[in-house]
Asker: 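Have a look at this one.
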Amino acid sequence: LGTVPSATTADRASVAERAATADGLAPPEAYRVVGAPGEPPFLNGCANVGGTSAPAAFFKDHQGIVRLRGAVACPGTSQSAFQLPPGYRPAPGTVHTVIHAVASGTGGIGRVLVGGAGDVVAPNATGAFWIDGIAFRAEG
């Protein structure tokens, strides 16, 4: 048996309704670049790596997921590179740990921590560390 004509019409209406909903979504917010005017500053002498690396930045998508990108360099170890503003932080009392690339002397793998207070830290990393691909639900 073929599809009943009224069912085909209902399917088309459902698809059109979903498309209208998608068209009504606002575009995602732009990346907020750390250290830019009006954005969170770098802390403890940390700065963007520069060169071909993207500047440290973040944004929150439509589902409330905060996404980070870029590379940061800090002069010492276990320093907060920057602090995410309220509304862009993990839940209070939590620490979001991500294994990521670091460049401390010979390079390697290290941890990047994003705490409930919004501090972005690479413990035991001296030099550059990458925050590309770090994502978590904003709850704080």
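Residue numbers count from 1 along this sequence.
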Asker: Is there side-chain contact between I131 and V120, with heavy atoms separated by less than 4.5 Å?
Answerer: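 Touching, per the 4.5 Å side-chain cut-off.
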Asker: For the residue pair N44 and S80, what are the closest heavy atoms and their distance?
Answerer: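 Looking at all heavy atoms of both residues, the closest pair is ND2-O, 2.9 Å.
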Asker: Rounded to the nearest 0.5 Å, how far apart are CZ of F42 and CG of N48?
Answerer: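 One finds 3.5 Å between CZ of F42 and CG of N48.
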Asker: Sequence neighbours excluded, which residues qualify as ring pair (Phe, Tyr, Trp, His ring centres under 6.0 Å) partners of F82?
Answerer: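 With neighbours one apart ignored, the set is empty.
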Asker: Kindly indicate whether a cation-pi arrangement holds for R69 with Y31, taking the cut-offs as under 6.0 Å to the six-membered ring centre and within 45° of the axis.
Answerer: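 That pair qualifies as a cation-pi contact.
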Asker: Quick check: closest heavy atoms across P90 and G115, and the distance to 0.1 Å?
Answerer: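 For P90 versus G115, the nearest heavy atoms are CD-O, 3.3 Å.
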Asker: One pair to check against side chain to side chain contact (heavy atoms under 4.5 Å, CB included): D61 and R67. What are the steps and the verdict?
Answerer: CA-CA 8 Å; D61 69 17; R67 301 181 183 279; 2.9 Å; yes
Asker: Mark yes or no for whether K60, through its side chain, and G87, through its backbone, hold a donor-acceptor pair below 3.5 Å.
Answerer: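 It does hold such a pair.
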Asker: Apply side chain to side chain contact (heavy atoms under 4.5 Å, CB included) to F129 and V112, showing your working.
Answerer: CA-CA 8 Å; F129 64 94; V112 177; 3.8 Å; yes
Asker: Does a side-chain heavy-atom distance below 4.5 Å link E39 with V33?
Answerer: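 Not in contact.
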Asker: Taking side-chain contact (heavy atoms from CB on, under 4.5 Å) as the test, write out the residues that go with A71, two or more places apart.
Answerer: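 Counting only residues at least two positions away or on another chain, A71 forms a side-chain contact (heavy atoms from CB on, under 4.5 Å) with V49, S53, W130.
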Asker: Go through the steps for F136 and V114 under the test side chain to side chain contact (heavy atoms under 4.5 Å, CB included), then give the verdict.
Answerer: CA-CA 9 Å; F136 54 88; V114 181; 3.8 Å; yes
Asker: Could you tell me whether the side chain of V66 reaches within less than 4.5 Å of the side chain of F59, counting heavy atoms only?
Answerer: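 When only atoms from C-beta onward are counted, V66 and F59 do not touch, as no gap falls below 4.5 Å.
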Asker: In the structure I gave you, are the side-chain heavy atoms of Q83 and P40 within less than 4.5 Å of one another anywhere?
Answerer: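 Of all side-chain heavy-atom pairs linking P40 with Q83, none is under 4.5 Å.
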Asker: If you take all heavy atoms of A135 and I65, which pair is closest and at what distance?
Answerer: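 A135 and I65 have their closest heavy atoms at CB-CG2, 3.9 Å.
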Asker: Cation-pi check for Y88 against R32: NZ or CZ below 6.0 Å from the six-membered ring centre and within 45 degrees of the axis, yes or no?
Answerer: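 Yes; both conditions hold, so R32 lies above the ring face of Y88.
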Asker: Measure the CG-CG distance between L43 and D119 for me, rounded to the nearest 0.5 Å.
Answerer: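 Between atom CG of L43 and atom CG of D119 there are 7.5 Å.
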Asker: Is any side-chain heavy atom of R89 closer than 4.5 Å to a side-chain heavy atom of E139?
Answerer: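 No - every pair of side-chain heavy atoms lies 4.5 Å or more apart.
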Asker: What pair of heavy atoms forms the shortest contact from D132 to G70, and how long is it?
Answerer: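 Scanning both residues completely, I find the closest heavy atoms to be OD1-N, 2.8 Å.
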